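Here's the structure we're looking at; comments come further down.
Here the structure is a predicted model, which is why all the values come from computation and not from measurement.
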Amino acid sequence: MALIDNIPALLEEVRSLQAASPTELEELRIKYLSKKGLIPQLMNEFREVSADRKRELGVAINNLKTAAQDRINALREQLSEQQNATEKPDLTRTAYPTPLGTRHPLSIVREEIIDIFSRLGFCLADGPEIEDDWHVFGSMNFADDHPARDMQDTFFIEAHPDIILRTHTSSVQSRVMERQQPPIRVICPGRVYRNETISARAHCFFHQVEGLYIDEKVSFTDLKQVLLLFAQEMFGKDTKIRLRPSYFPFTEPSAEMDISCNICGGKGCSFCKQTGWVEILGCGMVDPAVLEANGIDSTRYTGYAFGMGVERITNLKYQVKDLRLFSENDKRFLEEFQSAN
């Protein structure tokens with residue numbers, strides 16, 4: 001008996017279909033509606049029937065196909081309702097959807113800085129935030145009476161006057177030099193602390209990224225080239241730099257580096273105080289006394305160091321004028337950086 005002559009029986013069959021699981025339901029769908037299923041087979045036989053029967057059989061096949069689709073959809077909905085009824089509600093979920101957060105702007109900029117110097121061959125180094133006087137000051141050539149050692153500038157642990165909160169990540173450089181002989185090429189990102197009044201332009205804690213490179217025949221030219229590449233990667237290919245003489249206890253000669261203002265392009269604006277230049281970091285050649293204090297032969301090796309504030313770079317990149325915004329955790333402020341993630 002041809003399948004096309006059995007349409008009424010197939011119609012009754014699909015109307016009474018049952019499925020106890022999604023797997024059984026999928027098997028029914030394949031049996032009746034897939035390319036090799038019973039209903040497509042009917043369509044193949046339909047091509048061979050005589051012209052006087054085509055109208056009647058065509059209507060019957062369409063009714064059968066519609067009934068099969070409706071029954072399978074009804075079974076699918078039924079199984080879904082049964083599954084939801086058996087699942088226990090998660091009582092730990094919040095009553096309302098919790099929006100996803102974004103990375104902090106300081107984290108965005110810090111990771112960008114790390115990525116640039118990593119591509120230049122620098123490795124990451126880390127160290128403790130609670131440090132001793134030697135690694136923060138002594139190993140970095142700070143004199144015993146240097147102002148930075150005063151309690152007005154540094155947080156000391158009262159019960160242990162030799163233990164302090166690090167004022168710069170140079171202490172990490174000291175620890176690296178103690179345990180490793182040159183060549184050394186590291187960057188040291190981290191949080192630092194200074195006893196300052198909190199305002200729009202200053203905070204008692206902030207973030208730094210410092211770099212150190214020590215090897216034979218390292219020159220100031222090497223330092224300048226690395227800093228130029230960094231500035232152009234961070235602020236754009238047209239960025240220019242200039243180095244101004246300065247003083248730091250741990251470098252000699254020392255310099256402060258400015259970049260051409262990324263807002264006005266060096267033409268002069270209120271942000272750069274009409275100079276066309278903005279300071280971003282300090283740098284210099286590692287003082288031989290620092291090398292010797294940390295167990296490195298200064299007659300054989302030379303090196304350079306640099307340090308920048310992450311908040312400073314973030315200010316320049318996103319024009320954030322109040323440092324307090326970085327630590328107040330204001331959701332409205334943080335949402336402004338969603339596109340930067």
* side-chain hydrogen bond (donor to acceptor under 3.5 Å, both in side chains) evaluation trace for N315 with R312 -> CA-CA 5 Å; N315 283 346; R312 179 64 170 166; over 6 Å; no
* List the steps, then state whether ring-ring contact (aromatic ring centres under 6.0 Å, His included) holds for H104 with F333. => CA-CA 10 Å; H104 195 280; F333 170 70; 7.0 Å; no
* side chain to side chain contact (heavy atoms under 4.5 Å, CB included) assessment of I259 paired with K240 -> CA-CA 6 Å; I259 62 167; K240 298 179 176 61; over 6 Å; no
* To do: Kindly determine whether L243 and C283 satisfy side chain to side chain contact (heavy atoms under 4.5 Å, CB included), including the steps that lead there.
  => CA-CA 9 Å; L243 297 169; C283 61; 4.0 Å; yes
* Start with the C-alpha gap between S174 and N294, add the side-chain angles, then the distance that decides, and say whether side-chain hydrogen bond (donor to acceptor under 3.5 Å, both in side chains) holds. => CA-CA 6 Å; S174 174; N294 289 280; 2.8 Å; yes
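Environment of NZ in K317: crowded, with over 12 heavy atoms of neighbouring residues, nucleotides or ligands closer than 6.0 Å. By the neighbour-count criterion of 12 heavy atoms within 6.0 Å, atom CD of E77 is sparsely surrounded, having that number or fewer from other residues, nucleotides or ligands. E56 CD: 12 or fewer foreign heavy atoms inside a 6.0 Å radius. By the 6.0 Å contact criterion, CG on D162 is enclosed, its count of non-hydrogen atoms from other residues, nucleotides or ligands being greater than 12.
Defined by atom type and a distance below 3.5 Å, a donor-acceptor pair is present between the side-chain atoms of E292 and S298.
Side-chain contact between V176 and Q173 is absent, with no heavy atoms from C-beta onward closer than 4.5 Å. Y193 is listed as a side-chain neighbour of E129, based on a closest heavy-atom distance under 4.5 Å. Side-chain contact between E233 and R119 is present, with at least one heavy-atom pair separated by less than 4.5 Å. Considering only heavy atoms from C-beta on, D115 stays 4.5 Å or farther from I113 through its side chain. Residues L17 and Y32 form a side-chain contact, since some pair of their non-hydrogen atoms from C-beta on lies under 4.5 Å apart. Put simply, the side chain of I214 does not reach to within 4.5 Å of the side chain of T302, judged on heavy atoms. Counting heavy atoms from C-beta on, the side chains of K36 and I30 never come closer than 4.5 Å. Residues I130 and P128 fail the side-chain proximity criterion, which asks for heavy atoms closer than 4.5 Å.
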Under 3.5 Å, which donor-acceptor pairs link side chains of residues 202-209 to any protein atom two or more places apart or in another chain?
residue, atom, partner, partner atom, Å
H203, NE2, S327, OG, 3.2
H207, ND1, E311, OE2, 2.8
Q208, OE1, T169, N, 3.1

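A continuous path of Ile, Leu, Val, Met, Phe, Trp and Tyr side chains, each step under 4.5 Å between heavy atoms, connects F142 with L212, placing both in one hydrophobic cluster. Under a hydrophobic clustering in which Ile, Leu, Val, Met, Phe, Trp and Tyr are joined whenever their side-chain heavy atoms come within less than 4.5 Å, directly or via other members, L316 and Y318 fall into the same cluster. Side-chain heavy atoms closer than 4.5 Å link hydrophobic residues (I, L, V, M, F, W, Y) into clusters, and following such links, possibly through other members, connects I187 to Y304. Hydrophobic clustering (ILVMFWY, side-chain heavy atoms < 4.5 Å, transitive): Y213 and M285 are in one cluster. Residue L124 is grouped with residue M308 when hydrophobic side chains (ILVMFWY) are merged at heavy-atom distances under 4.5 angstrom, including chains of intermediate members.
Shown here are the salt bridge (Lys or Arg N to Asp or Glu O under 4.0 Å) partners of D215, two or more places apart in sequence or in another chain: there are none. Residues passing the side chain to side chain contact (heavy atoms under 4.5 Å, CB included) test with E111, sequence neighbours excluded: R103, I114. E26 meets the salt bridge (Lys or Arg N to Asp or Glu O under 4.0 Å) test with R29; sequence neighbours excluded. Scored by the salt bridge (Lys or Arg N to Asp or Glu O under 4.0 Å) test, D222 finds no partners at all (sequence neighbours excluded). With sequence neighbours left out, K273 forms a side chain to side chain contact (heavy atoms under 4.5 Å, CB included) with no residue at all.
Between F230 and F117, the ring planes are parallel. Angles under 30° get that label, and only those over 60° would be called perpendicular.
A salt bridge is defined here as a Lys NZ or Arg NE, NH1 or NH2 lying under 4.0 Å from an Asp or Glu carboxylate O, and R242 with E279 fails to meet this definition.
For the residue pair R166 and R191, the shortest heavy atom distance occurs at NE-O, 2.9 Å. When all heavy atoms of G121 and R185 are compared, the closest pair comes out as O-CD, 3.0 Å. Smallest separation of non-hydrogen atoms from A231 and I241: CB-CG2, 3.7 Å. In terms of heavy-atom proximity, F235 sits nearest to I313 at CZ-CG2, 3.9 Å. The nearest pair of heavy atoms linking T239 to Q232 is O-NE2, 3.4 Å.
Aromatic rings of F306 and F248 (six-membered ring for Trp) have centroids beyond the 6.0 Å cut-off, not under it.
Put simply, CG on L64 and CD1 on I7 are 6.5 Å apart, with the number rounded to the nearest 0.5 Å.
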